[in-house]
Amino acid sequence: MTTIIDTLRNAHTTSSYLNLPAESLQSLYDTSYKFVTSGAAARSLRPEDLYSVFELHFFLSIIAGKDSEASAILTTLTDRFGQDSHRVGVLRSIYFEATDGPVKALEFLSGRQDTELGTLKRKIVILKSSNQTSLYISELLKLVDNYPSDAESWAELASAYLEAGMYAQSIFALHEVLLLVPLAYNINALVGETLLLYASSLQAASSSHSLATEERLLEAVKFFLRSVELCEDYVRGWTGVLVATKRIAEIQNPFSDTSKYKRLYDVARKALTKIVETKDASESDMNAAQLVLKNY
Amino acid sequence: MSFVSTAITVFSLLLLFHAGYSAYEFSHYLKHLTVNSNATLPIDIITETIVATCLFALGQVFGADKLRPVSFAKWAKGLEREGKSPFAFLERRPGYMNVTKLREEYASTKK
């Protein structure tokens, strides 16, 4: 049985509130509101858990548009940690960005220390939301130059390049993420997916099948298999293997020997059908698996 | 701790206590009620001690928590099913949260 504390703690560490649909976010906000304002949090939690719950409550209030609630929790955190605190500064800049707009937020952020990573990230996000894409990418590159061990920034750079259609650069950035977090099975799958997109774009550009396209497809299979090795019955990984091996099998005159990829196709199909039959995944994963099994 | 494992553990402790008391009684009688003592501790007391120890170990093992996975792949699968992936932050990127967009999306669906 998951307790309220477990739910909130998990939501905070995985930042699930960034992807939730509105009803789930509403219920999460209600839970957090009741837990925080009733004083139950202050009574039952250790300090490190307590302030994580407060930070989560701040983010939920901001997204749900409850600005007064966000202001109250921000005051509580400022009272505890002071104006100079790095994380409190980031929260305050988010509050300004949400209520007054990006200009006020930038004004506040320029008054902060240069060395604060969180502050630099917020400045870059404001650039992104005001649609200055080239400046956004160059600022990200500068940040990643100064802080090359921050996997989140490399992942953000990869996403930026992907949106701009620069697949090779996106894959390079994702490789950097994998250097920092080698066991991240979701990033391995993401590299595979980006390689598939890259192969599609190369195929669309040239009339006949090129070596580059084939190499991308073969590489994609490798990354999807790595993701499945790292996480058993990973639906995203197996669907990737299925799609990539199917596309390899469809090549008329391949440059290299592709017989083993037909066997891999059968393996992937078997694995996915087993997952679907035993209902071993979440609802959305099951639907995706069934869709891919039908079409590939 | 299940009922069976607790029962086995308690029974084994009783056996152990009984064996210990029997050994004490034996040494007491040996000292006070015999002249020349060549006798060693009776085999049944020794057996009772050994059986009690084994039963205690068995009882503790059966009452242990459910085993959690050792291999990374299985552990990752469990976390992924529960939605607690330790790598989700790389795709969600909370440090780069786009506040205005999230607020707009929430407000539009709440209408």
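All heavy atoms count here, side chains included; hydrogens, waters and symmetry mates do not. Note that the structure is a prediction, hence the values are computed from the model and not measured.
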Taking side chain as everything from C-beta outward and backbone as N, CA, C, O, which of these in [X] sits under 4.5 Å from a heavy atom of chain B? Side chain, backbone, both or neither.
X	value
Asn10(A)	side chain
Arg236(A)	side chain
Leu180(A)	neither
Leu183(A)	both
Gln26(A)	both
Ile62(A)	both
Ala158(A)	neither
Leu18(A)	both

Just say parallel, tilted or perpendicular for the rings of [X] and [Y], cut-offs at 30° and 60°.
X	Y	result
Phe59(A)	Tyr17(A)	parallel
His28(B)	Tyr24(B)	tilted
Tyr234(A)	Tyr185(A)	perpendicular

Heavy-atom distance under 4.5 Å between the side chains of [X] and [Y], does that happen here?
X	Y	result
Ser71(A)	Ser68(A)	no
Leu8(A)	Ser32(A)	yes
Asp233(A)	Arg81(B)	yes

Largest heavy-atom contact set with chain B, pairs under 4.5 Å, which of [options]:
options	answer
Ala151(A), Gly65(A), Ala64(A)	Ala64(A)
Pro21(A), Ser282(A), Ala281(A)	Ala281(A)
Glu229(A), Glu23(A), Arg122(A), Glu97(A)	Arg122(A)
Ala98(A), Pro102(A), Gly101(A)	Ala98(A)
Ala11(A), Ser153(A), Gly118(A), Ser159(A)	Ser153(A)

Of the listed residues (Phe87(B), Phe89(B), Trp75(B)), which shares the most heavy-atom pairs with chain A below a 4.5 Å separation?
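Among Phe87(B), Phe89(B), Trp75(B), the one with the most close pairs to chain A is Phe87(B).
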
Of all the heavy-atom pairs spanning [X] and [Y], show the shortest one and how long it is.
X	Y	answer
Arg103(B)	Asp67(A)	NH1-OD1, 2.9 Å
Asn98(B)	Thr100(B)	OD1-OG1, 3.2 Å
Tyr147(A)	Thr115(A)	OH-O, 2.9 Å

Close approach to chain A in residues 44-73 of chain B, criterion heavy atom under 4.5 Å
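Heavy-atom contacts from residues 44-73 of chain B to chain A are Phe72(B), Ala73(B).
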
Is Lys84(B) in contact with chain A via its backbone, its side chain, both, or neither, using a 4.5 Å heavy-atom distance?
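Its backbone and side chain both get close to chain A.
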
Electrostatic pair [X]:[Y] at N-O distance under 4.0 angstrom:
X	Y	answer
Glu152(A)	Arg93(B)	no
Glu139(A)	Lys123(A)	no
Asp280(A)	Lys274(A)	no

Between Phe11(B) and His18(B), is the gap from one ring center to the other below 6.0 Å?
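For Phe11(B) and His18(B), the ring centres are not under 6.0 Å apart.
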
